[in-house]
Amino acid sequence: MKTQACIIGAGPAGLLLGHLLRAEGIECVVLERKTGDYVLGRIRAGVLEKITVDLMNRLGLDGRMKEEGLPHDGFNLADGDRLIRIDMGDLVGEQVMVYGQTELTRDLMEACDERDLAVIYEAGDVALHDIESDAPYVTYSKDGSDHRIDADMIIGCDGFHGPSRKAIPDTVGKHFERVYPFGWLGILADVPPCNHELIYANHERGFALASMRSATRSRYYIDVPLTDKVENWSDDQVWDELAIRLGPEAAAHITRGPSIEKSIAPLRSYIFAPMRHGRLMLCGDSAHIVPPTGAKGLNLAASDVYYAADALIAFFRKQDNNAIVGYSDRALARVWKSERFSWSLTKLMHRFPEDGAFERAMQVAELDYIANSRAAQISIAENYVGLPV
Ligand code: APR
Ligand code: PHB
């Protein structure tokens, strides 16, 4: 098979890019190693930045998001019993959309047939070849046969564990990483949220986050040691811990109920550069990972896709190779700033085992500064809604 763009990975990055290219009449094929149900079963966050909302609107795939999404003008930081509201609407004139990223992936997936975006699911042993030439190709296996796709460009949207990043020679790629000494235990329950906005809490006992998927479905997190196991935590123990860490005001409004999902995820900051080598471009988690504190994962993938689509449309429509060459620097400029914000908010809102009284006092002082400084709140707000693309 010959195509113009071969996308590896049918997660939100791969599908978003595929739709943007097809909307411009660019031939593309998406290769996904798992089934669509598996992709939809992945646990994902629930906050969308403006760039993500705008891309879904550009594609005309934002109908359900407009109906079911919850626009939020603010979010809260809690330290003990103080709630510091970051009023994004007032501070920077922007908001975020609370809408399950799984639902966004579903919206993209369900539009593939009508939009003529070919996704090959259960494509095994995907391998990239000749990415430094102008005739790269991808091989894969399916239903017991081996296949080959010749493409002008290959875009790796295959997440942290996919083959694309690894196809870039070690002599070219640079890795930047921080692994955090704790994980997030998340619980999903069909109960109303304790607050109409998100609450990030830094309590003596640790971090907590109160989020939501709708007015009847809540999502909560607490940080736990990396050695902890989800089976150590009954639902009641999670609810008890949340009530303590979120503070008395939130605790008074927590509605308990049985978890429909409960799991522990590790936290990492990771960047790989460059995000292009030869005819291979990387988007999303294939190139970077953020701790979920800033809700940047999918939204960074969206800005990568925005830049990648811009470059690929120029390349295929105007034979402009410069856009492809400039992609990595353009995408990384926003990646680094979002990584900084996610790392900074993680440092502010979590207890690190190696921290002593001084570090804790610095957290208290920083939260007090934020509580009393409009300038500090503007800085947090502009990062949380998403820096301009
Ligand atoms: N061959 C084909 N597909 C692969 C391979 C492979 N060898 N390896 C991984 N994939 C697929 C995965 O099965 C997955 O569906 O690539 C896809 C990558 O999707 P995500 O991991 O969701 O990454 P991305 O699309 O970049 O999404 C970025 O969205 O919801 C957030 O937190 C999530 O940060 C993540 C963000
Ligand atoms: C979520 O709703 O799952 C969520 C929200 C905000 C975050 C992380 C996760 O920072």
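Here the structure is a predicted model, which means the values were calculated and not measured. Indexing begins at 1, ligand by ligand and atom by atom, following the structure's order.
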Checklist entry - With a cut-off of under 6.0 Å to the ring centre and 45° to the axis, is Lys296 in cation-pi contact with Tyr384? => result yes
Checklist outcome for this item: Counting only non-hydrogen atoms and a 4.0 Å cut-off, the residues near ligand 2 are Ala45, Gly46, Val47, Trp184, Leu198, Tyr200, Leu209, Ser211, Arg213, Arg219, Tyr221, Pro292, Thr293, Ala295
Checklist entry - Between Arg148 and Asp150, is the closest basic N to carboxylate O distance under 4.0 Å? => result yes
Item to check | Any side-chain donor near an acceptor of the partner, Gln377 and Arg374, under 3.5 Å | outcome: no
Item to check | Pair Trp184-His350, side-chain donor/acceptor within less than 3.5 Å | outcome: yes
Output, or 'none' if empty, a list of ligand 1-protein atom pairs in which both atoms are N or O and the distance is under 3.5 Å, rounded to 0.1 Å.
{"residue": "ligand 1", "atom": "3 (N)", "partner": "Arg33", "partner atom": "N", "Å": "3.2"}
{"residue": "ligand 1", "atom": "13 (O)", "partner": "Glu32", "partner atom": "OE2", "Å": "2.7"}
{"residue": "ligand 1", "atom": "15 (O)", "partner": "Glu32", "partner atom": "OE1", "Å": "2.7"}
{"residue": "ligand 1", "atom": "15 (O)", "partner": "Glu32", "partner atom": "OE2", "Å": "3.4"}
{"residue": "ligand 1", "atom": "21 (O)", "partner": "Arg42", "partner atom": "NH1", "Å": "3.2"}
{"residue": "ligand 1", "atom": "21 (O)", "partner": "Arg42", "partner atom": "NH2", "Å": "3.3"}
{"residue": "ligand 1", "atom": "22 (O)", "partner": "Arg44", "partner atom": "NH1", "Å": "2.8"}
{"residue": "ligand 1", "atom": "22 (O)", "partner": "Arg44", "partner atom": "NH2", "Å": "3.1"}
{"residue": "ligand 1", "atom": "25 (O)", "partner": "Pro12", "partner atom": "N", "Å": "3.4"}
{"residue": "ligand 1", "atom": "25 (O)", "partner": "Ala13", "partner atom": "N", "Å": "3.0"}
{"residue": "ligand 1", "atom": "26 (O)", "partner": "Asp285", "partner atom": "N", "Å": "2.9"}
{"residue": "ligand 1", "atom": "30 (O)", "partner": "Arg44", "partner atom": "NH1", "Å": "3.1"}
{"residue": "ligand 1", "atom": "30 (O)", "partner": "Gln101", "partner atom": "OE1", "Å": "2.8"}
{"residue": "ligand 1", "atom": "34 (O)", "partner": "Asp285", "partner atom": "OD1", "Å": "2.9"}
{"residue": "ligand 1", "atom": "34 (O)", "partner": "Asp285", "partner atom": "OD2", "Å": "3.0"}

Item to check | Side-chain donor-acceptor contact under 3.5 Å, Glu103 with Thr105 | outcome: no
Checklist entry - If we ignore angles and hydrogens, is there a donor and acceptor under 3.5 Å between the side chains of Asn57 and Asp62? => result yes
Checklist entry - Do the side-chain N and O atoms of Tyr270 and His175 include a donor-acceptor pair separated by under 3.5 angstrom? => result yes
Checklist entry - Centre of Tyr306's six-membered ring, under 6.0 Å away, within 45 degrees of the axis: is that where NZ or CZ of Arg334 sits? => result no
Next on the checklist: Distance alone, cut at 3.5 Å: any donor-acceptor contact between the side chains of Glu132 and His277?
Outcome noted: yes
